[in-house]
Amino acid sequence: MWAVYLLAISVTIIAYRLSLNRNKHLPPGPKPHFLLGNLFDVPTDAAWKVYAEWGKKYGDIIYFSVMQKSVIVINSASIAHDLLDKRSAIYSCRPHVPMAGDVIGWNWALPLVPYGEKFRRHRKYLSQYFAKQCLPNYYPIQLKEARRLLNDLLDDPDNYRQHIERLAGAVIMEIVYGHEVKSFDDEFLQVASKGGRTIAAAGAVGAHIVDLIPPLRFIPDWLPGAGFKRLPPGTREDLIAMRDVPFNHVKEKMKAGTARPSYTSTLLEETKFQDEEGIRDTAGNSYSAGFDTTLSALMTAVIALVLDPVIQARAQAELDSVIGRNRLPEFSDRDKLPFIHCIINETFRWGATTPVGVPHRLTQDDTYNGYFLPAGTTIIANAWAMLHDPTMFPDPERFDPDRWLVGEGRTPPPLDPRGPAFGTCPGKDIAENTIWIVIVSMLYCFKLTPGLDENGKEIHIDNKHTEHSVRHPKPFKCAIKPRRPNTATLIRDAQEYQ
Ligand code: HEM
């Protein structure tokens with residue numbers, strides 16, 4: 001009987017809330033059904049592409065609701081800038097995501113921390129350590145790891161993806177924990193990678209009933225309907241290990257006086273060990289947020305270059321003209337390599353690594369262009385749509401670095417791809433620097449071509465990305481061969497990683 005009363009009360013509250021919003025001028029969107037809203041319209045696969053399609057009908061700002069939850073999708077960079085940047089005080093909060101946060105246990109990570117004192121403190125640590133003026137401090141790590149990668153590719157080119165994966169983890173591991181990852185089997189790299197993968201159990205937001213009815217997170221695991229709570233064995237433990245194991249290792253090394261300077265050791269000292277939890281959580285978050293994304297962007301650049309030998313050859317000609325034939329690339333070469341800059345820009349645009357970034361939550365009622373935007377709305381910035389907008393990027397599915405060329409009457413697109421690609425990511429410059437040094441090093445030393453089958457025929461490359469919250473090119477075979485007779489000597493003689 002009580003259940004019937006409770007249901008009736010919930011239905012009345014939902015209906016009342018809906019009626020309140022219905023009278024306001026919400027942005028356009030698919031027609032909702034009574035009580036359920038657009039539950040059955042919400043795309044579960046490559047939602048960003050569906051939202052872009054909806055945009056053709058409804059415009060650049062779209063409203064829909066699921067149960068009583070309001071969602072706004074922004075398909076345009078200028079609207080995202082007006083709301084998320086200019087009104088950041090009310091658009092920076094994060095929605096409660098019970099499956100990822102409570103059930104799996106990611107609540108400690110910044111993308112799930114509500115806006116407030118803790119959020120601001122954690123962001124401050126990150127922006128302090130990853131600030132522009134600190135970036136040159138990390139060049140030696142990025143250069144060393146790029147050179148180690150060249151060596152790995154020379155020895156074992158077939159496993160190129162694993163070597164790039166090691167590099168993506170190694171750069172962040174050393175910056176954040178001062179730990180040097182020399183091989184793919186490294187204990188800490190494996191612990192961290194395993195923990196990072198636990199997010200997969202969350203699926204798409206809304207894929208689990210608990211994301212729609214949050215109190216369900218309290219029901220016992222054994223109850224029928226609590227299937228979402230039965231995670232693959234070890235999931236929660238792996239996640240905690242990712243956050244705690246490397247952090248505790250740094251503390252032990254600090255005690256022994258053998259810690260190398262890192263995000264963790266520097267901030268622990270600066271804060272006099274008064275906020276261990278904050279430093280532990282932001283360090284773990286940096287690893288989980290920076291590893292897979294960097295890997296994805298690197299693999300995106302590699303597939304694009306393998307598929308287009310002309311672009312690859314143009315980039316190599318530019319590198320040769322600046323660097324010559326007798327040394328490896330350095331960060332100081334950067335300003336002299338405009339075409340490489342275009343390749344990096346196009347990688348961020350074409351790959352749209354994090355197609356919808358991290359959802360935000362509006363904390364106050366707001367109005368925009370005559371529309372009412374209700375407090376509590378989840379805000380999704382559709383970076384994929386912004387970066388694939390055909391009015392700004394003709395033939396958007398084509399990898400075309402020339403879009404970004406300047407001079408000789410050319411005007412590049414009026415949108416820096418870093419804006420939508422990274423949102424307010426605190427690690428964006430570190431990521432870009434890693435990607436730059438790896439791509440120039442690989443291009444300078446190697447020719448990248450599609451792999452060959454046993455008959456010596458090129459293996460077809462399926463030029464597609466997996467449509468997950470971090471997009472990756474689908475696996476492809478690639479042949480990596482030294483470009484010149486002295487390439488191996490240059491790589492072997494590099495001192496940085498010896
Ligand atoms: C290609 C590489 C990367 C991409 C595309 C990327 C993208 C993003 C995006 C879209 C967000 C959400 C920002 C927002 O809510 O507005 C984010 C958050 C974050 N990123 Fe990155 N990121 C990358 C690399 C990195 C690296 C290398 C680090 C660390 C060194 C890092 C650390 C973080 C952290 C700690 C957050 C959480 C911040 C928050 O929730 O406020 N990211 N990233």
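Atoms within a ligand are numbered from 1 in the order they appear, just like the ligands themselves.
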Starting from [atom], find the nearest protein heavy-atom neighbour and note its residue, name and distance.
atom	result
atom 6 (C) of ligand 1	Phe422 CD2, 3.6 Å
atom 14 (C) of ligand 1	Thr424 OG1, 3.1 Å
atom 19 (C) of ligand 1	Pro426 CD, 3.6 Å

Measuring from [atom], which candidate in [options] has the nearest non-hydrogen atom?
atom	options	answer
atom 37 (C) of ligand 1	Asp292, Val171, Asn285, Asn433	Asn285
atom 8 (C) of ligand 1	Cys425, Ala168, Ser127, Ala109	Cys425
atom 33 (C) of ligand 1	Ala289, Gly423, Gly290	Ala289
atom 2 (C) of ligand 1	Thr353, Thr293, Val356, Thr282	Thr293

State the atoms of ligand 1, each with its element, that fall below the 4.0 Å cut-off from a heavy-atom position in [X].
X	value
Ser286	29 (C)
Thr354	5 (C), 7 (C), 10 (C)
His360	14 (C), 15 (O), 16 (O)
Ala421	5 (C), 7 (C), 10 (C)
Ala431	2 (C), 24 (C), 27 (C)
Val358	12 (C), 15 (O)
Gly357	10 (C)

Salt-bridged, Arg120 to Glu117, with N to O below 4.0 Å? no
Lys/Arg-Asp/Glu bridge criterion (N-O < 4.0 Å) met for Glu165, Arg161: yes
pair Phe446-Leu153: side-chain heavy atoms closer than 4.5 Å: yes
Can you check whether [Y]'s main-chain N or O pairs, donor with acceptor, with [X]'s side chain at less than 3.5 Å?
X	Y	value
Thr466	His472	yes
Thr264	Val176	yes
Arg471	Gly351	yes

Within the 4.0 Å heavy-atom cut-off, what Lys428 brings close to ligand 1 is neither
So which of Arg166, Arg147, Lys182 actually passes salt bridge (Lys or Arg N to Asp or Glu O under 4.0 Å) with Asp152? Arg166
So, Tyr263 versus Tyr125, ring centres under 6.0 angstrom or not? no
Distance-only donor-acceptor check, side chains Gln142 and Trp436, under 3.5 Å: no
